[in-house]
Number of protein chains: 2
Amino acid sequence: MSASLNERKEHILGAVVVNYIKTAEPVGSRTVARFYPGGLSSATIRNEMADLEDMGYLVQPHTSAGRIPTQKGYRYYVDHLMDMNILSQDVEETISSSISAGKMREIEQIIINSTRVLSSATNQTSLIMGPQFKKSAFHQLRILPLDEKRGLVVLITDTGFIKNKVIDLHHQLSHSELQQVVSYLNHKLYGLTIDQVTTSLINELKRDLFKRLEILEQAFILLEESLKEERQIRVFLGGTTNILNQPEFKDVDKIRRMLKLFEQEPLLFKILEDNSSEDSIVVRIGSENEFEDIKECTLITGTYRIHDKTIGTLGVLGPTRMDYSRVISVMQRLVNHLNQSLSSS
Amino acid sequence: MSASLNERKEHILGAVVVNYIKTAEPVGSRTVARFYPGGLSSATIRNEMADLEDMGYLVQPHTSAGRIPTQKGYRYYVDHLMDMNILSQDVEETISSSISAGKMREIEQIIINSTRVLSSATNQTSLIMGPQFKKSAFHQLRILPLDEKRGLVVLITDTGFIKNKVIDLHHQLSHSELQQVVSYLNHKLYGLTIDQVTTSLINELKRDLFKRLEILEQAFILLEESLKEERQIRVFLGGTTNILNQPEFKDVDKIRRMLKLFEQEPLLFKILEDNSSEDSIVVRIGSENEFEDIKECTLITGTYRIHDKTIGTLGVLGPTRMDYSRVISVMQRLVNHLNQSLSSS
DNA sequence: CTTTAGCACTCTAAGTTAAAGAGTGCTAAG
DNA sequence: CTTAGCACTCTTTAACTTAGAGTGCTAAAG
C-alpha cells in the first residue's frame with residue numbers, strides 16, 4: 001500500500017508517535033533530536049519531518065508548533081514500528097489474579113471483573129460484550145410447573161448459560177404431557193446453536209407436535225419468546241471516567257457526546273459485533289471505524305472463546321492518541337486468561 | 001424550628017428560588033420587583049433581601065451580584081412555598097405508557113424503563129435500586145438435576161423473583177432423596193423473607209436433616225451460597241449525561257467526581273438504602289445528605305412496593321438548584337404507576 | 001415608621017494589548 | 001548531505017481597561 005519508509009524516517013516517526021502518546025503535546029524537532037540515537041541536529045530532523053508531513057504521516061496543528069501523528073502515522077506505527085510492551089509484573093498479576101480467581105462459576109462475574117482490569121490497566125474505557133447467547137449450542141430445555149397457572153422454562157446451553165422465564169399456562173398441562181413435549185424438543189434441538197433455532201424451525205416443530213398434542217401452543221409461544229428476547233446481549237462498561245483524564249476530552253461537549261454513546265447499549269453492541277474478528281486482535285484507528293460516533297477514536301477489540309467457540313468480544317475505546325503497545329499487550333494477556341478460565345469450568 | 005417568615009419575605013424568597021432554579025444566575029432586586037405581584041420598588045426588595053441574607057436564607061456570590069438561595073432557603077421553599085407542579089399532559093402519558101405497557105412480565109425491564117422516564121422527565125440523573133431480593137419472601141425451592149455431576153437450584157419468591165445457580169453434586173443424589181430434601185426445605189422456609197433466612201437457621205436445618213440423610217452437604221452449601229450471593233442488588237442509572245447540562249457541572253473535575261460516584265454501585269446502593277423511608281418521598285438537600293460525595297447535591301427518593309411490601313427505592317440526584325416541584329411530581333406519579341403495575345402481575 | 005429615589009461603590013466578565021516562548025522554514029556555509 | 005543561524009509565525013499568558021450589573025446607604029417623601 002503505502003511505500004515503506006527508510007530507517008531514519010521510521011525512527012523519527014516512531015519518536016514523534018511515542019512522545020506524543022506520552023505527553024499529548026505536539027513534538028518538536030529538538031525533542032526528537034534528543035530522542036534520536038544517532039545524534040542528528042534538529043535542522044536535519046526538521047527536514048525529515050517536513051517530508052513526513054508531505055507524505056501524510058504527520059501534521060502541524062499550526063505553523064509554529066511541533067508535529068503530531070496523523071491517522072496514517074499511527075497506522076504505520078502500529079503495523080511496523082511498535083514494539084510489544086513488556087508489562088510490569090504487577091499488571092500481569094492483577095490480570096491473572098482477578099480473572100482466574102478460583103471458583104468464580106458465574107460468567108457474568110468474570111466479565112465484570114474483566115472490564116475492571118481492562119480499564120484500569122489501560123487507563124481507557126473498556127467495553128465487553130457478554131457471552132453471546134445465540135452462538136451457544138442448545139443443550140437442555142426444562143419446564144417446571146410453578147403452580148396451576150404458571151410454569152418456569154429453563155434453557156441451558158453447552159457454554160453454561162442458564163436462561164429462565166416464567167410463562168403462563170392457560171391450559172393446564174399434565175406432567176406426562178409436559179414430559180413428552182420437553183423430551184421431544186430436547187431431542188430435536190440438541191446441539192444446534194441458538195442462532196440456528198430459527199422461526200421456521202420452530203414452526204416446523206410446532207406443526208409436528210400439533211399432530212400429537214393440541215394443547216402446547218403456550219409452550220411454544222414461550223420458547224419463541226424466550227429465544228427472541230435473549231438475542232439482546234448486555235455490554236459491560238468499565239472506566240468511563242477515564243476519558244476525562246485524556247486531554248483530548250477537556251471539552252464538555254465532547255464528553256457529553258461520548259457519554260451519550262456509552263448510554264446506548266444497542267449501539268455499543270453493534271460496534272463490538274462488527275469488529276469481532278475470528279482471530280486475535282483488531283485495531284481500528286480514527287476513520288477506519290465504520291461508526292460515525294467513534295471516528296475520532298481508536299477502538300481495539302479482541303475476542304474470547306469457550307472451548308474454541310468465539311462467544312464474546314472485548315474492546316478498549318479511547319482517543320487515537322492511545323498507548324497502542326500497552327493496550328494491545330494487556331488485551332492479549334486478558335484474552336488468554338479469559339479463554340483459559342472460561343474453558344476450564 | 002426556624003421562625004416562620006412574614007408573607008412578603010416568603011414571596012421574595014420564593015421569587016428568588018424560582019428564578020434561580022430557572023436561570024441558574026444570581027437573582028437581583030430588579031428581577032424580583034418585576035416578579036413581585038404587589039408592585040414594590042427594587043429598593044424595598046433590596047432591604048428585605050438583605051434581611052433574608054442575615055437570616056441565612058440567601059447568599060451573595062460576591063458583593064455586587066444578586067442573591068442565590070442557601071440550603072436553608074431551599075428547605076424553606078420545599079417545606080412551605082412550593083406549589084405542586086401540574087405536569088403537562090405528555091409527561092403524564094409518557095409515564096403511564098412506558099410503565100404500565102401491558103405485558104412486561106420482567107421486573108428488570110420495568111425498572112430499566114423507569115430510569116429512562118425518570119431521568120428524561122426531570123432532566124436529571126436517576127437511580128433505581130432494583131427489587132430487594134432479601135425483602136422478598138421465600139416461596140419455592142427446586143433442584144433440577146442437569147447431569148450426573150451438576151444440578152440447578154431454582155429459588156422463587158413471592159414477589160416473582162427467580163434466581164438460579166448451578167451447583168456441583170459430588171455425591172450423586174437419587175431423585176427421591178432430592179425430593180425429600182427439597183420438600184422439607186420448602187416446608188421450613190415457606191413465607192420467610194430472604195432476610196430472615198440467616199446462617200443460624202440454615203445451620204439448624206442442616207443439623208435437622210443430617211439426622212436423616214447424610215449426603216446433603218452439597219445441597220446446603222449451595223443454598224447458603226446462593227443466598228449469600230444474591231444479597232447484592234443492582235442499581236440502575238439513567239441520564240448520567242444530564243448532569244453535563246447543568247451549569248454547576250461545567251467544571252471537568254466536578255464531572256469526574258460525579259461520574260466516579262456513579263461507577264461505584266455498592267456506594268449508590270448504600271445511599272439509596274439509607275434514604276429509603278417507608279412512606280412517600282424524601283428530599284435531602286445538600287449537607288442534609290449523610291454521604292460526603294453528594295453533600296453538594298440534592299437527592300430525592302421514593303420507594304415502590306409489591307403488594308404493600310417495600311422492595312425498592314428510586315432516586316433523582318442533581319445539584320441543589322433543582323426543579324423541586326417538578327421532580328417531586330414526577331416521582332410521585334412514577335411511584336404510583338410502579339406500585340400498580342408491579343402488584344397487578 | 002415604611003417606602004423610594006439617587007448615587008457612589010464594588011466586583012465580574014469581556015475585550016485589548018503586550019510580551020514571552022516555542023518551533024518552524026529558509027539560507028548559506030561546512 | 002548536514003548544520004548553524006536567523007527572521008518569522010503563531011499561541012499562550014498576563015496585565016490592563018472598560019462596561020455592566022447590582023448593591024448598600026442616605027436622605028427625602030408618604
Side-chain angles (χ1 to χ4, degrees), chain A residues 5-13 15-20 22-70 73 247-248 250-252, chain B residues 5-13 15-20 22-70 73 247-248 250-252:
Chain A
L5 300 172
N6 68 42
E7 193 174 348
R8 195 163 77 184
K9 282 202 173 56
E10 283 196 343
H11 265 102
I12 291 171
L13 175 57
V16 173
V17 172
V18 169
N19 267 282
Y20 185 61
K22 195 154 37 178
T23 65
E25 302 273 300
V27 183
S29 52
R30 269 184 59 88
T31 315
V32 177
R34 241 177 288 129
F35 203 79
Y36 192 68
L40 280 181
S41 79
S42 64
T44 311
I45 309 276
R46 267 204 292 285
N47 289 331
E48 293 285 34
M49 281 167 81
D51 288 353
L52 284 168
E53 178 160 8
D54 286 343
M55 297 187 213
Y57 293 100
L58 298 176
V59 271
Q60 283 180 294
H62 52 266
T63 0
S64 73
R67 258 74 174 201
I68 65 179
T70 61
E248 25 272 281
K250 66 179 193 301
D251 178 22
V252 178
Chain B
L5 300 172
N6 68 41
E7 194 175 346
R8 195 163 78 185
K9 283 203 171 57
E10 283 195 344
H11 265 102
I12 291 172
L13 174 57
V16 172
V17 172
V18 169
N19 267 281
Y20 185 62
K22 195 153 39 179
T23 65
E25 302 275 299
V27 183
S29 53
R30 270 182 59 87
T31 315
V32 177
R34 241 177 289 128
F35 203 80
Y36 193 66
L40 279 180
S41 79
S42 64
T44 312
I45 309 279
R46 267 204 291 286
N47 288 332
E48 293 286 34
M49 282 167 81
D51 287 354
L52 283 167
E53 179 162 6
D54 285 344
M55 298 187 211
Y57 294 100
L58 298 177
V59 270
Q60 284 179 296
H62 52 265
T63 359
S64 73
R67 257 74 173 203
I68 65 179
T70 61
E248 25 270 284
K250 64 180 194 300
D251 178 21
V252 179

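Worth saying up front: this structure is predicted, and the values here are computed from it rather than measured.
In this structure, NZ of K9(B) is placed 14 Å from C1' of dT3(C), rounded to the nearest angstrom. Atoms CG (N19(B)) and C1' (dA21(D)) sit 16 Å apart, rounded to a whole Å. Atom CG in N47(B) sits about 9 Å away from atom P in dT3(C), given to the nearest Å. For the pair I68(B) CD1 and dA21(D) P, the computed distance is 19 Å after rounding to whole Å. Atom CG in L52(A) sits about 12 Å away from atom P in dG25(C), given to the nearest Å. Between I12(A) atom CD1 and dT2(D) atom P there is a gap of 10 Å when expressed in whole angstrom units. In this structure, M49(A) atom CE and dT2(D) atom C1' are separated by 17 Å, rounded to whole Å. Here dC1(D) presents its P atom at 14 Å from CG of L40(A), a figure rounded to the nearest Å.
Taking all atoms of both residues into account, the shortest heavy-atom contact from A15(A) to V32(A) is CB-CG1, 4.0 Å. Minimum interatomic distance between V27(B) and Y20(B) (heavy atoms only, all atoms of both residues): CG2-N, 3.7 Å. Across every non-hydrogen atom of S42(B) and S29(B), the tightest pair is O-CB, 3.6 Å.
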*asked:* Using a 4.0 Å heavy-atom cut-off to protein, can you give one letter per nucleotide of nucleotides 5-23 of chain C, 5' to 3': B if the base is in contact, S if only the sugar-phosphate is, - if neither?
replied: BB---BBS---------BB
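At least one side-chain nitrogen or oxygen of R8(B) sits closer than 4.0 Å to the OP1 or OP2 atom of dT3(C).
Of the possible donor and acceptor atoms, one in the side chain of T70(B) sits under 3.5 Å from a partner among the backbone N and O of G56(B). Using modelled atom types, one side-chain atom of Q60(B) and one backbone atom of A65(B) make a donor-acceptor pair closer than 3.5 Å.
In this structure, R8(B) CZ and I45(B) CD1 are separated by 7.5 Å, a value rounded to the nearest 0.5 Å.
Minimum atom distance to the side chain of A50(B) is reached by dG24(D), of the listed dT4(C), dG24(D), dT24(C).
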